Asks: 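Questions regarding the structure given below will be posed in turn.
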Amino acid sequence: LKRSHLKVRFCTNDSQKSRGELVGLLRRLGFDISEEEVTSPAPATCQILKERGLRPHLLIHEGVRSEFEEIDTSNPNCVVIADAGEGFSYQNMNKAFQVLMELENPVLISLGKGRYYKETSGLMLDVGAYMKALEYACGIKAEVVGKPSPEFFKTALQAIGVEAHQLVSV
């Protein structure tokens, strides 16, 4: 693909690793790839937060926290939830719930909506289960940023400067 001089974008739903970590892994596997060629839910969410002037309460995995370094998290006016792994404690979920309930117009953004995934230790609950819990408790609908969300793919298209009708997806 790179020799063809086509614009290439790698899209992933991973919400536990930063783009830097993902690129490092792919490079070790022999891929010629840079962070600028990767679209993942965290930076796509950051773009949305900046565009809408949102300041999130973050319930995310420590592995992607670096993606949110330039985002103002003071006085939160929304909640961003990702696959937080061990961070999905009652205390952390309840704090996200409290933030949402205190807002006049609560906004919940989820970096995915998967039900579960498989690790070597077995099946693991994914972000979707926790997202649904907050939706139910707060009486709201989450905005999903990640595959198959149209907003997710729009950020990839904008990054390479093409329209959807010019795209070929593999």
Side-chain angles (χ1 to χ4, degrees), residues 1-73 78-88 92 96 107-131 142-170:
L1 283 172
K2 289 202 174 194
R3 283 192 303 269
S4 73
H5 301 291
L6 293 172
K7 295 178 181 180
V8 176
R9 198 76 180 171
F10 298 88
C11 297
T12 178
N13 255 8
D14 196 310
S15 64
Q16 287 192 346
K17 294 180 185 74
S18 68
R19 285 176 298 168
E21 287 180 84
L22 290 168
V23 165
L25 173 65
L26 290 169
R27 284 180 178 164
R28 286 189 297 279
L29 293 172
F31 286 85
D32 175 20
I33 186 173
S34 69
E35 281 188 43
E36 293 75 32
E37 295 173 300
V38 176
T39 295
S40 64
T45 298
C46 289
Q47 182 176 332
I48 291 167
L49 293 171
K50 289 176 184 176
E51 287 171 359
R52 293 171 51 188
L54 294 172
R55 300 174 312 278
H57 169 77
L58 297 171
L59 180 49
I60 60 175
H61 194 277
E62 287 303 313
V64 293
R65 193 160 295 278
S66 63
E67 298 280 10
F68 291 88
E69 285 177 348
E70 295 181 20
I71 298 297
D72 180 6
T73 57
C78 72
V79 169
V80 171
I81 185 172
D83 182 8
E86 296 297 321
F88 281 131
N92 291 342
V107 175
L108 173 60
I109 299 174
S110 181
L111 274 66
K113 64 177 184 178
R115 296 182 299 157
Y116 60 88
Y117 59 95
K118 188 172 183 176
E119 291 281 347
T120 54
S121 60
L123 296 178
M124 310 294 282
L125 279 175
D126 203 349
V127 67
Y130 299 97
M131 176 194 79
E143 299 174 37
V144 178
V145 179
K147 294 186 284 187
S149 162
E151 288 300 317
F152 177 71
F153 289 105
K154 283 181 191 174
T155 61
L157 292 171
Q158 289 171 348
I160 59 176
V162 299
E163 299 291 324
H165 70 275
Q166 298 171 304
L167 172 73
V168 174
S169 178
V170 178

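Computation of the quantities below employed the complete heavy-atom set of this structure, encompassing side-chain atoms and omitting hydrogens, waters and symmetry-equivalent molecules. Keep in mind it's a predicted model, so treat the numbers as computed, not measured.
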Asks: Where does the angle between the aromatic ring planes of Tyr130 and Phe88 fall among parallel (under 30°), tilted (30 to 60°) and perpendicular (over 60°)?
Replies: parallel
Asks: Between Tyr117 and Gln16, does a side chain to side chain contact (heavy atoms under 4.5 Å, CB included) hold up when you go through it step by step?
Replies: CA-CA 12 Å; Tyr117 59 95; Gln16 287 192 346; 3.3 Å; yes
Asks: Could you pull out the closest heavy-atom pair between Gly20 and Glu35, with the gap in Å?
Replies: CA-OE2, 3.4 Å
Asks: State which residues pass salt bridge (Lys or Arg N to Asp or Glu O under 4.0 Å) with Glu62; sequence neighbours excluded, sorted by chain then number.
Replies: Arg65
Asks: Donor-acceptor pair, distance only, cut-off 3.5 Å: does the side chain of Gln47 make one with the backbone of Ala44?
Replies: no
Asks: Please enumerate all residues that pass salt bridge (Lys or Arg N to Asp or Glu O under 4.0 Å) together with Asp14, with sequence neighbours excluded.
Replies: Lys17
Asks: Where is the tightest heavy-atom contact between Leu22 and Thr12, given as atom of each residue plus distance?
Replies: CD1-CG2, 3.7 Å
Asks: Any side-chain heavy atom of Asn13 sitting closer than 4.5 Å to one from Pro41?
Replies: yes
Asks: Taking Val64's backbone N and O only, do any of them form a donor-acceptor pair with Glu67's side chain (distance below 3.5 Å, no angle check)?
Replies: no
Asks: Count the heavy atoms belonging to other residues, nucleotides or ligands that lie under 6.0 Å from CZ of Arg55, then report whether that count exceeds 12.
Replies: yes
Asks: Could you check whether atom CD of Glu70 has more than 12 heavy atoms from other residues, nucleotides or ligands sitting under 6.0 Å from it?
Replies: no
Asks: Does one side chain, of Arg19 or Ser40, offer a donor that lies under 3.5 Å from an acceptor on the other?
Replies: no
